[in-house]
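What follows is a set of notes on a single structure, which appears directly below.
Scope of the values below: all heavy atoms of this structure, side chains included, with no hydrogens, waters or symmetry mates. In what follows, every chain begins at residue 1, and chains take the letters A, B, ... in the order their sequences are listed.
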There are 2 protein chains.
Amino acid sequence: MRQETIENYLKTIYNLSSNNTAVVNNQKIADRLSLNPATVTEGLRKLHELKYIVYEKSYGSRLTTSGSKLALDIIRRHRIWETYLAKELGFGWDEVHAIAEELEHVNNVKLINKLASILGNPIYDPHGDPIPDEKGKIQKSNFIKLSETKLKLNYKVMGVTDHSTTFLKYLEKHNLIIGANINVKTIEDFDNSIVLICQKKEVNISPKAADCIIVQSI
Amino acid sequence: MRQETIENYLKTIYNLSSNNTAVVNNQKIADRLSLNPATVTEGLRKLHELKYIVYEKSYGSRLTTSGSKLALDIIRRHRIWETYLAKELGFGWDEVHAIAEELEHVNNVKLINKLASILGNPIYDPHGDPIPDEKGKIQKSNFIKLSETKLKLNYKVMGVTDHSTTFLKYLEKHNLIIGANINVKTIEDFDNSIVLICQKKEVNISPKAADCIIVQSI
DNA sequence: ATTATCTTTTTGGTATACCAAAAATAATGA
DNA sequence: TCATTATTTTTGGTATACCAAAAAGATAAT
Ligand SMILES: [Mn+2]
Ligand SMILES: [Mn+2]
Ligand SMILES: [Mn+2]
Ligand SMILES: [Mn+2]
């Protein structure tokens, strides 16, 4: 199996099992990687043989210790590159993901650690996602989705779970960038859309968008 | 054909036809890319179909305008990355080639131009090789090989044609780094080995090594 | 419990990238 | 020139990464 293929599967499985405890089903992997489900079934069988995952037929996959280690390594590379592109090379948070998708496969420990060191060993990437350290350790947080917030409370934007240019440009337009302070004004009973105050302006957020914004209570 | 495969062929053909005028034979491509000659024959047939090269059976290949353009673009990416790794990220001139071999395939014009701009749009890479500009234009020089030098004359080291760690470490040991001034003391009749003075020390250079060192008369 | 609906797997098939060995072609040199 | 050697091409074959459609299995919904 090509290394790049392995890496893309493992990264996806890790991201889909959130806390790395849940079992991941094939269809979601197929969706994320834009592959036919048949291809995924084959791929998972091979990854199981390579002992990167435990794959139970018609049930799902979960990473082994070695699979988890590799996954975290790729995620580290991806997020370090995203941060370096944004902080050192002047790219926008909506541009970095696509480039990092390619750079993440360049495997050179010294290079990644050097970039990390220049950045001051950051813990979060430009989208608020945590960056694993060299040993694969991740900072854990108590962040919640904007869609789970309570009325009248104050929050700080800590991250996003959608990295698409369209979404990020949309957020920028309303000053909903990382670090922004917001106040949840009303939650519409009708469709669960959220009206919030950000920089003194009222912004109406659809439930779908609110599900992609990560905040912290302040 | 995979983009990476195309890029590796074109880069190799460009490098083997030096001034990009000579026809390149299959065996040398096979050697450089560590491929079976049969594989190369197939590859060249496909590149001809894609109009990147003109391939005459049992004779050789030469790049078309479009092939040449792509080749120069990859070479630019490779050499910009080598320079960035050396100048900005603290890697040695013996380390950068291997990493650049991977990074060169990440195709993002804005990224490469940004790196180039940070470096002050350099014209030479850490091995003294010229860096094509965005349009593919290359600085041409009057450099010669150390093996072609004349007795008693003074030269400046301008580059190397071998990028292997062993060779570069060997040169470093004798202070034969880029920019070093040397004086050709004697050329042995017996084996054409060269004795030169570099930083007041005498160094004996084999003809094979002298063939990989590029100098300029001063 | 029995459909109806997802989801996964199997089957059969394509495209790419490679190689070893044999056959053909070109180059060299006596 | 004619044989020897070097290079290139053809042939037959493997491994990987994919997909479409059919079959099987699991889940949900009445
Ligand atoms: Mn990303
Ligand atoms: Mn990110
Ligand atoms: Mn190089
Ligand atoms: Mn170089």
Range on DNA chain D touched by chain A, heavy atoms, distance below 4.0 Å: dT16(D) to dA26(D)

Given that G60(B) and T5(A) both sit by DNA chain D, which one's nearest nucleotide is further toward the 5' end? G60(B)

Terminal axis angle for the helix from dA1(C)-dT30(D) to dA30(C)-dT1(D), five pairs an end, nearest 10 degrees: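 About 0°, once rounded to a multiple of 10°.
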
In [range], what residues come within less than 4.0 Å of DNA chain C, judged by heavy atoms?
| range | result |
| --- | --- |
| residues 37-44 of chain B | A38(B), T39(B), E42(B) |
| residues 6-16 of chain A | none |
| residues 24-34 of chain B | S34(B) |

Go along nucleotides 22-29 of chain C 5' to 3' and tag each nucleotide: B for a protein heavy atom under 4.0 Å from its base, S when only backbone or sugar atoms are that close, - otherwise. ----S---

Step by step, work out the side-chain contact (heavy atoms from CB on, under 4.5 Å) result for L176(B) and I205(B). CA-CA 11 Å; L176(B) 284 167; I205(B) 300 291; 3.6 Å; yes

Measuring from atom [atom1] of [X] to atom [atom2] of [Y], what distance do you get when rounded to the nearest 0.5 angstrom?
| X | Y | atom1 | atom2 | result |
| --- | --- | --- | --- | --- |
| N108(A) | I99(B) | CG | CD1 | 4.0 Å |
| I214(B) | S147(B) | CD1 | OG | 8.0 Å |
| L10(B) | I74(B) | CG | CD1 | 5.5 Å |
| Q139(B) | Y124(B) | CD | OH | 5.0 Å |

Show your reasoning for whether side-chain contact (heavy atoms from CB on, under 4.5 Å) applies to I112(A) and W81(A). CA-CA 8 Å; I112(A) 293 299; W81(A) 270 119; 3.6 Å; yes

Compile the donor-acceptor pairs under 3.5 Å between side chains in residues 126-136 of chain A and protein atoms, sequence neighbours left out, one pair per line.
unit_1, atom_1, unit_2, atom_2, d
H127(A), ND1, E82(A), OE1, 3.0
H127(A), NE2, W93(A), O, 2.9
D129(A), OD2, H163(A), NE2, 3.1
D133(A), OD1, K135(A), N, 2.8
D133(A), OD1, G136(A), N, 3.0
D133(A), OD1, K137(A), N, 2.9
E134(A), OE1, N113(A), ND2, 3.3
E134(A), OE2, N113(A), ND2, 3.1

Test side-chain contact (heavy atoms from CB on, under 4.5 Å) on N142(A) and Q216(A) and set out the steps. CA-CA 7 Å; N142(A) 58 339; Q216(A) 185 181 30; 3.6 Å; yes

Closest heavy-atom contact between A22(A) and S17(A)?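 That closest heavy-atom pairing would be O-CB, 3.1 Å.
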
Ignoring hydrogens and angles, write down the donor-acceptor pairs under 3.5 Å from the side chains of residues 28-48 of chain A, residues two or more places apart or on other chains.
unit_1, atom_1, unit_2, atom_2, d
N36(A), OD1, A38(A), N, 2.8
T41(A), OG1, P37(A), O, 3.2
H48(A), ND1, Y55(A), N, 2.8

Donor-acceptor contacts under 3.5 Å from residues 84-92 of chain B side chains, at least two apart:
unit_1, atom_1, unit_2, atom_2, d
Y84(B), OH, Y84(A), OH, 2.5

Residue pairs passing the salt bridge (Lys or Arg N to Asp or Glu O under 4.0 Å) test where at least one lies in residues 2-16 of chain A, sequence neighbours excluded: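 Only R2(A)-E4(A), E7(A)-R77(A), K11(A)-E101(A), K11(A)-E104(A) qualify under salt bridge (Lys or Arg N to Asp or Glu O under 4.0 Å).
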
From the options I178(A), D162(A), D94(A), V160(A), select the one residue that forms a side-chain contact (heavy atoms from CB on, under 4.5 Å) with L171(A).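 With L171(A) as partner, I178(A), D162(A), D94(A), V160(A) yield a single side-chain contact (heavy atoms from CB on, under 4.5 Å), made by V160(A).
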
Under the side chain to side chain contact (heavy atoms under 4.5 Å, CB included) test, residues paired with T149(B) that sit two or more places apart: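 Only I144(B), L146(B), Y155(B), V184(B), I194(B), V215(B) meet the side chain to side chain contact (heavy atoms under 4.5 Å, CB included) criterion with T149(B).
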
Taking NZ in K110(B) as the centre, count heavy atoms belonging to other residues, nucleotides or ligands within less than 6.0 Å. Is the count above 12? yes

List the atom pairs, donor and acceptor, that lie under 3.5 Å between side-chain atoms in residues 58-72 of chain A and the rest of the protein, sequence neighbours left out.
unit_1, atom_1, unit_2, atom_2, d
R62(A), NH2, T21(A), O, 2.2
T64(A), OG1, K51(A), O, 2.8
T64(A), OG1, Y52(A), O, 3.1
T64(A), OG1, S66(A), N, 3.4
T64(A), OG1, G67(A), N, 3.1
S68(A), OG, N20(A), ND2, 3.0

Show your working on side-chain contact (heavy atoms from CB on, under 4.5 Å) between F167(B) and T161(B) and close with a plain yes or no. CA-CA 10 Å; F167(B) 180 62; T161(B) 56; over 6 Å; no

